[in-house]
Amino acid sequence: MEYREITKGVSVPILGLGTWGMGGRESPDKARDSDTVTAIRMGIELGLTHLDTAEYYGAGHAEELVGEAIDGMDRSKLFITSKVWHNHLHHDDLLRSMKASLKRLGVDQVDLYLVHWPNPEVPLKETMGAMEECVKAGYTRFIGVSNFSAQLMEEAQSRLKENRIIVNQVQYSLLDQKPQMELLPACRKMDVSLVAYRPLERGAILQAPNPVMDEIAKTHGKTRVQVALNWLIAQDCVFTIPKSTNPVHLMEFLGALEWRLTREEWTGLAEAYR
Ligand SMILES: NC(=O)c1ccc[n+]([C@@H]2O[C@H](COP(=O)([O-])OP(=O)(O)OC[C@H]3O[C@@H](n4cnc5c(N)ncnc54)[C@H](OP(=O)(O)O)[C@@H]3O)[C@@H](O)[C@H]2O)c1
């Protein structure tokens with residue numbers, strides 16, 4: 001596994017494990033629980049110890065499955081992120097969501113708690129104040145945001161008194177390069193890590209034929225998935241969290257590590273998909 005500082009003094013695997021769709025989507029689906037728990041454990045054993053979940057996923061069931069998978073593991077070896085949904089951003093709701101996530105995960109503390117989506121109807125001052133209370137109470141080590149523009153991220157940071165936003169988690173992939181324009185430079189300036197979600201565009205990256213991709217994959221003896229993930233993690237301050245419950249796919253993720261695209265290949269890919 002390759003590690004990178006997500007914030008000063010805290011190194012985290014640059015490749016983590018997403019959990020959207022595990023245990024259901026908007027509501028719990030328990031049909032594949034046993035396979036899913038096995039897959040999460042396998043991911044962790046492979047080094048994908050940066051786990052990304054949310055209260056929204058499977059209406060809390062994804063967190064329960066992560067909790068089941070990590071039960072009995074050395075907590076200090078894991079970096080767990082969860083997120084509060086946008087209808088829970090008032091102070092009391094947020095604290096309630098935080099505690100409920102901890103209970104479902106079966107832990108005393110998460111490493112990172114994110115505001116999942118901005119909600120213009122709730123003052124950011126109130127939300128960020130509640131996030132700071134979560135840190136003070138020891139419910140989370142760090143706080144961050146998700147799906148925030150550069151401007152909103154700066155505003156959220158300005159509402160914090162004692163903490164810093166350490167992550168902005170956004171959609172970023174070869175098929176969606178928008179964060180390069182404004183957000184990534186702003187993250188670098190503010191010392192915020194960018195966690196790229198949907199790095200494979202839910203499999204679409206495999207379907208769209210692309211001769212540049214195929215030539216580069218052939219040169220390195222890699223698959224399209226491995227090249228697409230490498231393209232993301234080749235960038236400073238970028239982490240990513242692909243999701244899979246398929247053991248073969250989980251193994252395939254690891255082939256994205258320990259090598260790098262050349263600068264020319266990186267740019268060629270960016271242009272080929274833009
Ligand atoms: N903050 C947010 O608003 C937000 C939004 C979306 C996602 N996220 C987070 O980011 C994570 C990743 O995003 P995502 O799950 O939406 O999309 P993704 O990681 O781009 O794609 C996941 C999909 O790709 C398939 N897949 C994985 N490896 C494959 C391979 N080698 N060959 C073929 N198919 C493969 C998976 O199926 P199998 O399971 O069958 O392998 C799954 O259906 C999420 O799980 C979630 O934790 C956050």
Side-chain angles (χ1 to χ4, degrees), residues 13-26 29 31-32 35-40 42-43 46 48-58 60-63 65-66 69 79-87 89 101 105 110 112-119 143-149 152-153 165 167-179 183 193-208 213 217 222-233 238-257 273:
I14 50 180
L15 210 59
L17 183 63
T19 63
W20 164 248
M22 295 190 189
R25 290 174 180 266
E26 282 87 11
D29 175 355
R32 297 190 59 229
D35 288 350
T36 302
V37 169
T38 304
I40 298 170
M42 180 180 168
L46 291 172
L48 307 172
T49 55
H50 172 185
L51 304 170
D52 181 78
T53 191
E55 65 169 350
Y56 184 69
Y57 299 172
H61 193 44
E63 290 179 326
L65 293 175
V66 171
F79 188 89
I80 304 174
T81 300
S82 194
K83 317 184 195 79
V84 56
W85 195 234
H86 61 73
N87 60 348
L89 298 187
S101 285
L105 286 161
V110 292
L112 178 60
Y113 200 46
L114 304 178
V115 176
H116 204 146
W117 284 90
N119 180 348
I143 51 182
V145 293
S146 174
N147 299 301
F148 274 46
S149 65
L152 209 51
M153 176 173 77
I165 286 170
V167 157
N168 192 355
Q169 185 183 120
V170 295
Q171 185 168 350
Y172 187 28
S173 73
L174 274 169
L175 291 179
D176 184 346
Q177 300 180 31
K178 270 195 300 300
L183 189 63
S193 293
L194 189 151
V195 175
Y197 76 66
R198 213 171 289 163
L200 309 173
E201 291 293 333
R202 302 212 165 129
I205 211 104
L206 298 164
Q207 279 129 35
M213 162 66 95
K222 297 290 177 185
T223 65
R224 285 185 184 175
V225 164
Q226 291 163 345
V227 173
L229 295 176
N230 193 279
W231 184 84
L232 284 167
I233 59 182
V238 176
F239 297 73
T240 190
I241 45 169
K243 174 262 171 185
S244 183
T245 46
N246 179 325
V248 176
H249 294 167
L250 288 170
M251 295 282 289
E252 188 177 348
F253 291 166
L254 294 194
L257 300 166
Y273 280 94

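Remember, it's 1-based here, ligands and their atoms both numbered in the order they're listed.
For the pair P13 and L48, the minimum side-chain heavy-atom distance is 4.5 Å or more.
At distances below 3.5 Å, not a single donor-acceptor pair connects side-chain atoms of S101 with backbone N or O atoms of E55. Without hydrogens or angle criteria, K83 side chain to T53 main chain gives a donor-acceptor distance under 3.5 Å. Between the side chain of D52 and the main chain of G16, no donor-acceptor pair closer than 3.5 Å is present. For the pair N230 (side chain) and A256 (backbone), a donor-acceptor distance under 3.5 Å is present.
Every residue two or more places apart in sequence or in another chain was checked for a side chain to side chain donor-acceptor pair (under 3.5 Å) with T36, and none qualifies.
If you look at ligand 1, the protein residues with a non-hydrogen atom under 4.0 Å away are G18, T19, W20, D52, Y57, K83, H116, W117, S146, N147, Q169, Y197, R198, P199, L200, E201, R202, G203, L206, V225, I241, P242, K243, S244, T245, N246, H249, E252, F253.
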